[in-house]
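Shown next, in structure tokens, is the structure this report addresses.
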Amino acid sequence: MSACSTGARARRHPAAGFTLIEMIVVTLLLMIAMLGLLAVFDASSRINKSETDVADAQGNVRYGVYQMTKVIRMAGAGGLFITQAVINANANPAWPGINVSGFYNNITSGTIDTADGGGSTVTIRPGTDMIEIRGVILSPLIGFDQSSGCGGGGCTGTENVLVKEIVGDPLIGEHLNDDSTSGSPQRPQFTTVDTYTASVTGTNKMYVVVEDGNSDLHTGCSPPPPSLTQRFAQPFYNVGAISVPTTLRSPGLTFGPVAFGDATAMRYNPEMPSVKSTQLPAAIGKVRRAGIMDDIIFFIGMLPTCGGTPGPGCDPLGQHPYLAQGIRRGNHFEVSPLADDVEDLQIAYGVDTNGDFAVTRLDAKPYTDPFNQDPNVSTTLGGDEWQPNVAAEPLYADVAFQSQNPFPGSNEHPGIPPAAHCPRLRGVMVSLLAKAHDPDPNYRGPGATGFRLMDVLPASGPPITAVPGRYRRRVQTIKINLRNYEFQG
């Protein structure tokens, strides 16, 4: 081989591949590019996760408010006193089911019984509020006439409450209760009630409210002409218990044996729950309406710790409270979760204290708070007729829900209607706080460590109801009118 050919190969060798330095540089550049792409993907994933968390939290508060609004608007349907329809305190702690002492406001400790004598309970999240609503809410009201009702017993003993598919007089007007037997029913009311009461037993009691058609306890509550404003009528009523399902569908046509002397049922009869624990039923000559009375509570529940071990249905660190609904069944409640990761519920009550037929702001204009110019709600202590929507405000007692003219201690149901003894509770304000399911340690935005709602304690310092950690949170507040007690113009 000649020297010339060997030198040529030597000159061509450097172009045959990459040097080590070149490989290192290329690899470094590829790594930087890959890291950039991964960073973009990671940021996109985190944004997607956070937006999903925000949407979930927003959906939880909206659904919770929607469910509470449906029930609260129906408070008192069937004729109950307003003081029996909206409950903000445990007037009789000896009555099983609700283990809370005193007001349902910023509850320090409490549980709800979920089994009759079985010891099963749901814990109420400390620092949160609870509200209790009563009325014919989850099933329809049934109309009556002279030929239907309790018969000769006057709805005072254990009696069959008889119903008819059509009531009234053809000449002056009829009311269709039910048309289940027709070819294309539009109002299968009887079937609805029978289905709703199918689970009734002796330890799973439900309640029937029967409204008198010949009385009105609010005759002095409407302003004189020319004003057209008036209150809905307040009749006498009796509440009885049932231990077997109703048989309203033909040929039964009855609520079944209703025990109006049942000790638990008579607790719903007195006008002021805090004054009397029971009230004997009054004789009712003509039944106007009747229905299954629901006793419903809303509260923030806690999952059990299960011995501190994480698992399905367990929450050892208390990070996942939920909005719960409970429906009374005798001496206990059927509790079901409504919305997950709801960590606070605060309630305020709107009472017409100055007689202007509205719940309004009381502090004088010009309003000193530039961020709150709402003419109906004030964020200053005692600045409006809503209580307790500001820290340190007192909670209305049940006597404030009804005008005391005179105090009804000797003038309860039944009795002679006192003059101008009128409802004053006009509405309920609900505020819910929901959080994302998982924490976001990098989040520093509004509410990352919690929000303060209404009068949540303490008045200063971090909110005690916030779950530890940084979460994306959403709040929704709504004012709900009580449709069965509002003024009509």
**Message:** Test your reading of the model: is there a side-chain donor-acceptor pair from Thr254 to the backbone of Asn160, 3.5 Å cut-off?
**Reply:** no
**Prompt:** Just by distance, do the side chain of Asp194 and the backbone of Arg249 share a donor-acceptor pair under 3.5 Å?
**Reply:** yes
If you measure only the distance, is there a donor-acceptor pair under 3.5 Å linking the side chains of [X] and [Y]?
X	Y	value
Asp340	Asn60	no
Tyr104	Glu132	yes
Thr192	Ser139	no
Lys205	Thr264	no
Thr278	Arg267	no

**Message:** Applying side-chain hydrogen bond (donor to acceptor under 3.5 Å, both in side chains), can you list everything that pairs with Thr353, at least two apart in sequence or on another chain?
**Reply:** Glu385
Got a salt bridge between [X] and [Y], using NZ or NE/NH1/NH2 to carboxylate O under 4.0 Å?
X	Y	answer
Asp295	Arg134	yes
Glu343	Arg473	yes
Asp341	Lys435	yes

**Asked** Got a second to check how far Asn269's CG is from Phe81's CZ, nearest 0.5 Å?
**Response** 9.0 Å
**Asked** Considering the options Asn177, Val167, Val161, Thr246, which one meets the side chain to side chain contact (heavy atoms under 4.5 Å, CB included) requirement together with Ile142?
**Response** Asn177
**Request:** Report the C-alpha separation of Tyr268 and Tyr237 in whole Å, then their side-chain angles, then the decisive distance to 0.1 Å, and conclude whether the ring-ring contact (aromatic ring centres under 6.0 Å, His included) test is met.
**Result:** CA-CA 10 Å; Tyr268 298 103; Tyr237 66 87; 9.0 Å; no
**Request:** Take Thr111 and Thr123 through the test side-chain hydrogen bond (donor to acceptor under 3.5 Å, both in side chains) and record every step on the way to the result.
**Result:** CA-CA 4 Å; Thr111 59; Thr123 300; over 6 Å; no
**Message:** What I'd like to find out is whether the side chain of Val428 reaches to under 4.5 Å of the side chain of Ile131, using heavy atoms alone.
**Reply:** yes
**Request:** Using the test side chain to side chain contact (heavy atoms under 4.5 Å, CB included), find all partners of Pro126 that sit at least two apart in sequence or belong to another chain.
**Result:** none
For a quick test of your reading: what N or O donor-acceptor pairs under 3.5 Å do the side chains of residues 285-292 make, sequence neighbours left out?
| unit_1 | atom_1 | unit_2 | atom_2 | d |
| --- | --- | --- | --- | --- |
| Arg288 | NH1 | Glu211 | OE2 | 3.0 |
| Arg289 | NE | Glu211 | OE1 | 3.2 |
| Arg289 | NH2 | Glu211 | OE1 | 3.0 |

